[in-house]
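Since we're looking at a predicted model, the values are computed, not measured. Any value given below was found using the heavy atoms of this structure, including those in side chains, with hydrogens, waters and symmetry copies removed.
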Protein chains: 2
Amino acid sequence: MSRKLAYRNLPQLFLRAREELLCHFRPIITHFGLTEQQWRILRAIGEFEQLEPREICEICQILSPSLTGVLSRMEDMGLVTRTRMEEDQRRVLVRMTPKAEKLVAELGPLIVEQYKVIEQAFGPELIQELYVVLDKVIAAERGPIPQIKLPPRKNWIADES
Amino acid sequence: MSRKLAYRNLPQLFLRAREELLCHFRPIITHFGLTEQQWRILRAIGEFEQLEPREICEICQILSPSLTGVLSRMEDMGLVTRTRMEEDQRRVLVRMTPKAEKLVAELGPLIVEQYKVIEQAFGPELIQELYVVLDKVIAAERGPIPQIKLPPRKNWIADES
DNA sequence: AGCACTTCGCTAACATGTTAGCCATATAGC
DNA sequence: GCTATATGGCTAACATGTTAGCGAAGTGCT
């Protein structure tokens, strides 16, 4: 690799940094037969007792069509239950089963433990910095960001030249 | 939503922050009929003239099995070519076609332009902070991070209780 | 040469991401 | 009441992520 990328891609750096952390948690999660997303959902329900699908989408950063599949697989595994709400027949409530509660009770502490290990390895100051700067990106109140105007679409793919 | 998540999940914050940025670029990329990953790959090849698949994997944060599919689709679209190396019949060289070069020449400046808009909206200081802190996470020389020991695996999924 | 060992890209199987759009249910306005 | 609109979860179709493992090609050692 002779030279570095001249243009530094922020989204890509996020991806890389995220992986740098996640790779230390993934073994724990898969050890229990869960996927990363399934664990995120269990954690969220653990916090809120019960959640509606769209809330899970927002909390866990999962798009609705993905969530549908994840939830039905988790239902099959006996980890969650889905019940329609009486007041509003469109909405659904997702809850944990006792089995899932036991699972969370075992898995959760291990994640916390590994987190402490990572915090020491990376340095608590860096972790703190991360929280601060990520919050600035996420929670900041910004006006609407203008979208540059796009040229008329050409059919690159079909075009043979 | 009555209360906030007590435990803050760093990988998830990364995901959220990344999306906060990416959502402003995605429209541009899809406007040209590309996916985010295809664009990452074109950018990388644009920088290095030619790359081998495993180099692309590393640069673009794409796993090898994913890349296989992405590249063959891009080959079908006439965006890249794959040629086996003479010296080492295992290895492959990936290059852009003229069509892809034109595409990059059109798309690249738009990305840069949108990037400037975002930099202003977020504040150049914040962007700079991001680069610094992400670099600390990614490029830092750390010793091997210990992995906590896992309990014997139980068959949660099959277990009925 | 012959052998064990590694490397590289690949396939397979499954889970998730992404976009578009559907259908039933609620809600607002008339 | 009745229509127009909005909302919530869903399906469908395709692209990618993730893990395991395969087969051919190179390497090092004897």
Side-chain angles (χ1 to χ4, degrees), chain A residues 11-12 14-16 18-19 22-23 25-42 51-58 60-77 79-94 157, chain B residues 11-12 14-16 18-19 22-23 25-42 51-58 60-77 79-94 157:
Chain A
Q12 193 142 345
F14 277 119
L15 208 56
R16 215 178 277 261
R18 172 182 146 85
E19 182 58 26
L22 201 52
C23 67
F25 292 109
R26 213 190 306 271
I28 305 176
I29 296 169
T30 62
H31 178 77
F32 286 84
L34 294 181
T35 67
E36 184 199 321
Q37 292 82 348
Q38 289 168 348
W39 169 242
R40 265 191 272 163
I41 293 171
L42 286 184
L51 286 171
E52 301 177 38
R54 62 202 164 71
E55 294 175 320
I56 299 179
C57 285
E58 199 193 330
C60 298
Q61 297 296 134
I62 297 175
L63 293 176
S64 170
S66 298
L67 188 65
T68 301
V70 178
L71 283 184
S72 77
R73 272 181 291 273
M74 290 176 78
E75 212 174 12
D76 292 346
M77 295 186 207
L79 292 176
V80 300
T81 60
R82 279 192 284 191
T83 52
R84 288 216 166 278
M85 289 178 67
E86 287 302 321
E87 321 86 89
D88 190 334
Q89 285 293 319
R90 293 170 303 182
R91 297 159 74 188
V92 168
L93 274 183
V94 183
I157 294 152
Chain B
Q12 193 141 347
F14 276 120
L15 206 58
R16 216 178 276 261
R18 173 182 146 84
E19 182 59 26
L22 201 52
C23 66
F25 293 108
R26 214 191 306 271
I28 304 175
I29 295 169
T30 62
H31 178 78
F32 286 83
L34 293 181
T35 67
E36 183 200 321
Q37 292 83 348
Q38 289 168 349
W39 169 241
R40 266 191 272 163
I41 292 172
L42 287 184
L51 286 171
E52 302 176 37
R54 61 201 164 71
E55 295 175 319
I56 300 179
C57 286
E58 200 192 331
C60 298
Q61 296 297 126
I62 297 175
L63 292 176
S64 170
S66 298
L67 187 66
T68 300
V70 178
L71 283 183
S72 78
R73 272 181 291 272
M74 291 177 79
E75 212 174 12
D76 292 345
M77 295 186 206
L79 292 176
V80 300
T81 60
R82 280 192 285 191
T83 51
R84 289 217 164 279
M85 290 178 66
E86 287 301 322
E87 322 86 90
D88 191 334
Q89 285 292 318
R90 293 169 305 179
R91 297 159 74 188
V92 168
L93 275 182
V94 183
I157 294 152

Protein-nucleotide distance (A:Glu87, atom CD; D:dG8, atom P), rounded to Å: 14 Å
Residues which pass salt bridge (charged side-chain N to carboxylate O under 4.0 Å, His left out) with B:Arg73, listed by chain and number, not counting sequence neighbours: none
5' priority, DNA chain C, between A:Gln89 and A:Gln37 [closest heavy atom]: A:Gln37
Nearest-nucleotide comparison on DNA chain D, the residue closer to the 5′ end among A:Thr68 and B:Pro65: A:Thr68
Residue list, side-chain contact (heavy atoms from CB on, under 4.5 Å) with B:Leu15, at least two apart or on another chain: A:Arg18, A:Arg40, A:Gln61
Contacts of A:Gln89 that satisfy side chain to side chain donor-acceptor pair (under 3.5 Å) - sequence neighbours left out: none
side-chain contact (heavy atoms from CB on, under 4.5 Å) against A:Cys23, all qualifying residues, sequence neighbours excluded: A:Glu19
Identify all pairs in which a protein N or O lies below 3.5 Å from an N or O of nucleotides 3-7 of chain D, and state each distance.
unit_1	atom_1	unit_2	atom_2	d
D:dT7	O2	A:Arg90	NH1	2.7

Sugar-phosphate only, base, or nothing, as touched by B:Leu67 at under 4.0 Å among non-hydrogen atoms: nothing
From SG (B:Cys60) to CD (B:Glu55), nearest 0.5 Å: 11.0 Å
Closest approach of A:Cys57 to A:Leu67 (non-hydrogen atoms, all atoms of both residues): SG-CD2, 3.6 Å
Chain B footprint on DNA chain C, 5' to 3' - any atom under 4.0 Å from a heavy atom: C:dT7 to C:dT19
Residues in side chain to side chain donor-acceptor pair (under 3.5 Å) contact with A:Thr68, at least two apart in sequence or another chain: none
Residues in side-chain contact (heavy atoms from CB on, under 4.5 Å) contact with A:Thr30, at least two apart in sequence or another chain: A:Arg26
Sugar-phosphate only, base, or nothing, as touched by B:Thr35 at under 4.0 Å among non-hydrogen atoms: sugar-phosphate
A:Glu55 CD to D:dG9 C1', straight-line distance once rounded to whole Å: 14 Å
Distance test, side-chain N/O of A:Ser64 to OP1/OP2 of D:dG9, below 4.0 Å: no
Pairwise 5' ranking along DNA chain D for A:Arg26 and B:Glu36, keeping only the more 5' one: B:Glu36
Residues that B:Arg90 engages under side-chain contact (heavy atoms from CB on, under 4.5 Å), provided they are two or more places apart: B:Asp88
Atom-pair distance (CD on A:Glu58; P on D:dG8), nearest Å: 11 Å
Sugar-phosphate, base or nothing in reach of B:Arg82, heavy atoms under 4.0 Å: sugar-phosphate
